[in-house]
Amino acid sequence: MAIQTFAAIDVGSFEVELGIYEISNKFGIRSVDHVRHVIALGRDTYGHGKIGYELVEELCQVLKEFSVIMKGYKVQAYKAYATSALRDAKNNQIILDQILVRTGIDVKLIENSEQRFLSYKAIASKDQEFNNTIQKGTAIVDVGFGSMQISLFDKDSLVSTQNLPLGTLRLRELIAKVPAGMEVHSHLIRELVDNELFTFRKIYLKDREIKNLIGIGDNTLYMFKQMLNETHSVSDKMTAEDVNHFYDAMFKLSPHELEDLFGISERYVEVMLPSAVIYRRIMEITGAEQFWLPGIRLCDGIAAEYGESIRQVKFKHSFENDILAASRNMAKRYKCHNSHNQVLEQFVMEIFDAMRRFHGLTARDRLLLRIAVMLHACGKFISIKDANECAYNIIMATEIIGLSRLEREIIANVVRYNIRDFDYGHVELEAQIYKDSSGIISAHDITIKIAKFTAILRLANSMDRSHQQKLSGCKMSVHEDELVITTDYHGDITLEQMSFVQKADFFEEIFGIRPVLKQKRRV
């Protein structure tokens with residue numbers, strides 16, 4: 001395939017950015033141009049809950065100019081995403097409509113977990129360096145204007161990821177009312193950071209060794225360049241001593257001196273200082289020895305995602321495994337039955353694959369179904385009696401990196417209806433119309449998908465009713481109008497057979513295929 005010109009637009013809390021890229025199978029992703037415009041949407045959202053008319057006017061004008069630039073580069077495809085400032089604004093739907101009508105640019109809101117996953121993909125595009133770094137305990141710290149994400153890796157596996165309300169613009173707004181100098185503000189920010197990190201440290205950093213810190217986010221770009229100049233480094237990695245030296249030197253300078261040093265405006269200096277405090281404090285808390293600043297931004301992640309979607313970019317790292325690993329760690333946190341979950345996951349995948357011609361579901365749906373299996377019993381941690389409702393609330397309240405809110409809602413409803421009568425007219429969804437990267441989806445389509453997932457999970461669950469994995473290793477195949485499941489187990493499977501028959505009716509109602517459980521008899 002020839003080189004494709006792609007544009008990525010990030011409508012952030014503090015600035016709007018346009019990235020122009022060339023993507024090809026031979027050269028991968030090459031950055032051509034970046035254009036940024038400072039516009040503090042977050043100040044209106046975080047301060048008043050809505051974005052004012054004047055800022056909307058300015059935003060539309062900037063995006064119009066971006067559109068002209070895109071035409072000049074003969075861009076063949078683009079993606080435009082808005083993050084927390086627009087996502088949290090009460091008038092976001094009105095603003096999105098105004099943008100589309102006045103600029104022709106279709107901006108989509110993305111959830112925090114999706115946003116961080118894009119940045120994570122941008123780092124992973126540096127394949128060898130990324131894979132080498134995460135072999136040892138690593139924390140990816142993504143400090144944005146609205147919030148901060150910490151993702152923990154251990155031996156190439158994603159352990160956990162958590163979002164904290166420690167965005168630099170939020171912190172700046174909190175301390176701006178305090179009439180004091182940089183030293184006092186630094187101390188206040190440190191106390192706010194420590195307060196938010198207390199629980200995280202207690203739960204996730206206990207007995208965990210962190211060797212490497214990877215710093216990403218909108219605020220790191222300027223620090224990245226200056227740190228390398230200060231340390232005279234030929235790479236983009238620094239020791240903890242280098243970071244401490246840079247931090248101490250930085251806070252001896254006045255705001256005007258910092259503007260000259262970094263070549264940035266006063267507004268950037270205001271939000272960069274909290275970022276420096278956050279990174280310094282996290283290095284102290286984790287005891288990390290090395291700080292890697294790859295200098296990537298959200299637009300780089302958007303380009304990486306698009307390059308992967310058109311099969312021009314291939315990653316050695318498995319992102320699907322990261323989503324599964326995060327889900328398994330979540331299940332472990334809520335004391336889910338591991339051996340039961342493992343055999344259920346195998347049953348679900350085999351039923352899904354055997355029924356491929358009849359369900360019309362995708363590979364992404366298969367992933368979501370596996371996650372539903374892992375989390376289907378997490379509610380028992382809170383209440384055994386109301387386990388399904390508790391599980392629903394846990395899943396909806398927990399961000400899973402790489403999953404959208406809609407995908408979490410699908411999983412949560414599947415878990416809820418695993419042990420509750422399924423009523424097509426009363427499935428509780430947050431909206432009647434959904435919009436994702438594939439277009440508009442109706443609540444009806446989502447309900448049908450939930451019904452299909454639920455039917456598969458119920459049948460799989462019935463096959464291990466005793467939690468003794470009796471049917472492990474069974475064979476599945478579709479013959480005429482039957483899904484035939486055959487087991488070589490010679491012991492008593494009365495409990496599984498009774499449960500299987502109960503769940504078979506709903507499965508047949510959904511797919512038009514009757515499940516049949518057969519036990520081979522010993523001759």
Is there side-chain contact between [X] and [Y], with at least one heavy-atom pair below 4.5 Å?
X	Y	result
Leu369	Ile371	no
Ile9	Ile105	yes
Asn413	Arg420	no
Ile351	Leu459	yes
Arg405	Met396	yes

So does [X] pair up with [Y], basic N to acidic O under 4.0 Å?
X	Y	answer
Glu308	Lys314	no
Arg356	Asp353	yes
Asp505	Lys503	no
Asp365	Lys449	yes

About how many Å separate [atom2] of [Y] and [atom1] of [X], when rounded to the nearest 0.5 Å?
X	Y	atom1	atom2	result
Leu471	Phe500	CG	CZ	9.0 Å
Met355	Ser477	CE	OG	12.0 Å
Leu375	Tyr392	CG	OH	14.5 Å

Side-chain donor or acceptor of Lys108 paired with backbone N/O of Ala82 under 3.5 Å
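No; judged by distance alone, with no hydrogens or angles, the pair does not exist.
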
Between Gln135 and Asn132 (side chain of the first, backbone of the second, donor and acceptor by atom type, cut-off under 3.5 Å), is there such a pair?
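Not a single qualifying donor-acceptor pair exists.
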
Looking at [X] and [Y], what are the two nearest heavy atoms and their distance?
X	Y	answer
Ile485	Cys474	CG2-SG, 3.8 Å
Ile29	Ala303	CD1-O, 3.7 Å
Met476	Phe347	CE-O, 3.9 Å
Ala8	Cys299	O-SG, 3.4 Å

Can [X] and [Y] be counted as having a side-chain donor-acceptor contact under 3.5 angstrom?
X	Y	answer
Tyr81	Glu305	yes
Tyr204	Gln162	yes
Gln502	Ser462	no
Arg116	Asn112	yes
Asn25	Gln312	no
Tyr21	Gln4	no
Gln346	Glu350	yes
Thr133	Thr138	no

Surrounding [atom1] of [X] (heavy atoms of other residues, nucleotides or ligands, distance under 6.0 Å), is the total greater than 12?
X	atom1	answer
Gln76	CD	yes
Asp481	CG	no
Ile203	CD1	yes
Phe198	CZ	no
Arg201	CZ	no

Please assess Lys136 against Glu209 for the test salt bridge (Lys or Arg N to Asp or Glu O under 4.0 Å), listing each intermediate value before the final yes or no.
CA-CA 9 Å; Lys136 296 180 180 179; Glu209 189 176 37; over 6 Å; no

What's the verdict on side chain to side chain contact (heavy atoms under 4.5 Å, CB included) for Asp300 and Ile123, showing C-alpha distance, side-chain angles and the deciding distance?
CA-CA 9 Å; Asp300 301 322; Ile123 308 173; over 6 Å; no

Is there a side chain to side chain contact (heavy atoms under 4.5 Å, CB included) between Leu197 and Ile285? Walk through the geometry before answering.
CA-CA 9 Å; Leu197 285 176; Ile285 289 173; 3.5 Å; yes

Is the terminal nitrogen or CZ of Arg514 (NZ for Lys, CZ for Arg) located under 6.0 angstrom from the six-membered ring centre of Phe507 and within 45° of that ring's axis?
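No, Arg514 does not lie over the aromatic ring of Phe507.
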
Below 6.0 angstrom between ring centroids: does that apply to Tyr78 and Phe6?
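No - the distance between ring centres of Tyr78 and Phe6 does not fall below the 6.0 Å cut-off.
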
Verify the ring-centre separation between His376 and His340: is it less than 6.0 angstrom?
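Yes, ring centres under 6.0 Å apart.
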
Using the ring of each side chain (for Trp, its six-membered ring), is Phe291 parallel, tilted or perpendicular to Tyr279, with breaks at 30° and 60°?
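Rings of Phe291 and Tyr279: tilted, as their planes differ by 30° to 60°.
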
The criterion is side-chain hydrogen bond (donor to acceptor under 3.5 Å, both in side chains); which residues satisfy it with Arg328, sequence neighbours excluded?
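Per chain and number, Arg328 pairs via side-chain hydrogen bond (donor to acceptor under 3.5 Å, both in side chains) with Glu345.
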
